[in-house]
Amino acid sequence: MTDAQPILARALRREELSKADITALLCIQEPAPLFAAADRVRREFVGDEVYLRALIEFSNYCKNDCLYCGIRRSNPKADRYRLTPEKIIETARNAAGLGYKTVVLQSGEDLWFDTDKLCRIIREIKKLDVAVTLSIGEKTREEYAAYRRAGADRYLLRIETTDKALYEKLDPGMSWDNRARCLYDLKELGYEVGSGSLVGLPGQTLESLADDLLFFKNLPVDMAGIGPFIPHPQTPLAAETAQGHFELSLKMMAVMRLLLPDINIPATTAMETLHPQGRLLALKCGANVVMPNATQGEARVKYELYPGKICTGDAPEQCRGCIQRKIESIGRTVCGSYGFHGDYLKEKQN
Ligand code: 5AD
Ligand code: FES
């Protein structure tokens, strides 16, 4: 901790941190002061309100074969499903009825949903007076432009890792450059862009995690989600462990808050798989967003990116009530507006 103290002090003075500084913060043995600093910066720049986003997992078909992911195309045991456009719209209507102001449409890279189908779904959901976030993978610039014209507001695409060689090993057939291209296209098209990385991938170093944070700062992202890697038994990475990934993810979140003080940082669901209080702890280490599951029925279980996913047996209304109680139990409140990047600071200035 002795080495990290001056770096933390510099971060709190809003001075630039180098890759070596960031790596040193990620190495901290006693992270309590780092977490406290992130919590302070979070309160100052985004306030005590937590933004909720309703997650709708609409298809687990995927053309890709990422070695870490439970719905990779080579997993014959994944029980595939695809919601109809009508069902997706109905699920979004239900989420809006529960008070959500953002709906996140997430799926594997499922080519059944062509641009026309997706744009129709987006247009219908926009009529519900909610912000629409897409999380459907790599597309062409033209496709991204079409979704944007249909009304999509935000897009989530994790870079997963900025270590290009590691990325291309873990995501066979995919190109890191194309993934980065997607993020830059999305930015140029006027989306609020969310990215993020997996923490604890085999072969990943602290230096490369520091590079991830610098990549987010450079883009710059409007949001970034940090997810601990949790090995899925039906994937080639089944023998890996999730040991240490929880705490390292908290550190990543905390350092990210110091580097990008006003962005939206979700307390990811995977955090709660590894720790019963995972999302609340994340909210106390820099996070200000939660994405409760609003998917209905069987699909909740079938959308299994990693094992031990929480709330698979609950209904969307239960999750909505549960998360509100949890958030209020730590003295925070649920925000009733759309929760775009920078809203809090804008409101403070007015
Ligand atoms: N453990 C944790 N997160 C995972 N994801 C995919 N597989 C896993 C896993 N085994 C994450 C990826 C993806 C997001 C939707 O889910 O980071 O971008
Ligand atoms: Fe789903 Fe708590 S968030 S039950």
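Order of appearance sets the numbers: ligands from 1, and atoms from 1 within every ligand. Please read all numbers here as calculations on a predicted model, not as lab measurements.
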Colleague: Testing K63, R73, R72 one by one against E109 for a salt bridge (charged side-chain N to carboxylate O under 4.0 Å, His left out), which residue passes?
Modeller: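 The passing option is K63.
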
Colleague: With distance as the sole criterion, is a donor-acceptor pair present between the side chains of E143 and T140 under 3.5 Å?
Modeller: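 Distance-only check passes for E143 and T140.
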
Colleague: Return the residue, atom name and 0.1 Å-rounded distance of the protein heavy atom closest to atom 7 (N) of ligand 1.
Modeller: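 The answer is Y68 CD1, 3.4 Å.
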
Colleague: Using distance alone, determine whether Q106 and ligand 1 share an N or O pair under 3.5 Å.
Modeller: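 Min N/O separation from ligand 1 is not below 3.5 Å for Q106.
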
Colleague: Just do the ring pair (Phe, Tyr, Trp, His ring centres under 6.0 Å) check on Y306 and Y68 with the steps written out, would you?
Modeller: CA-CA 8 Å; Y306 54 84; Y68 44 80; over 10 Å; no

Colleague: Closest non-hydrogen protein atom to atom 5 (N) of ligand 1, residue and atom name please, with distance?
Modeller: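 The answer is L198 CD2, 4.1 Å.
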
Colleague: Measuring from non-hydrogen atoms of P228 to any atom of ligand 1, is the shortest distance under 4.0 Å?
Modeller: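 The answer is yes: ligand 1 sits under 4.0 Å from a heavy atom of P228.
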
Colleague: Name the closest protein heavy atom to atom 16 (O) of ligand 1, giving the residue it belongs to and the distance to 0.1 Å.
Modeller: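 The protein heavy atom lying closest is L305 CD1, 3.3 Å.
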
Colleague: I need the nearest protein heavy-atom contact for atom 11 (C) of ligand 1: residue, atom name and distance, please.
Modeller: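 Sorting protein heavy atoms by distance from atom 11 (C) of ligand 1 puts R158 NH1, 3.6 Å first.
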
Colleague: Look at ligand 1 and say whether E160 reaches it with a heavy atom at a distance under 4.0 Å.
Modeller: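 The answer is yes, since E160 has a heavy atom less than 4.0 Å from ligand 1.
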
Colleague: For the ring pair H275 and F246, is the centre-to-centre distance below 6.0 Å?
Modeller: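 That pair passes the under 6.0 Å test.
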
Colleague: Provide the number and element of each atom of ligand 1 under 4.0 Å from a heavy atom of C69.
Modeller: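 So the atoms of ligand 1 that pass are 7 (N).
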
Colleague: Looking at I71, D171, L170, which hits side-chain contact (heavy atoms from CB on, under 4.5 Å) with C66?
Modeller: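 Exactly one option meets the side-chain contact (heavy atoms from CB on, under 4.5 Å) with C66, and it is D171.
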
Colleague: Take H232 and L237 through the side chain to side chain contact (heavy atoms under 4.5 Å, CB included) test and state the conclusion after the steps.
Modeller: CA-CA 7 Å; H232 191 293; L237 301 184; over 6 Å; no

Colleague: Without swapping roles, check the side chain of R158 against the backbone of S195 for a donor-acceptor pair under 3.5 Å.
Modeller: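 No.
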
Colleague: Considering distance alone, does some N or O of I230 sit under 3.5 Å from an N or O of ligand 1?
Modeller: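 So ligand 1 has an N or O lying under 3.5 Å from an N or O of I230.
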
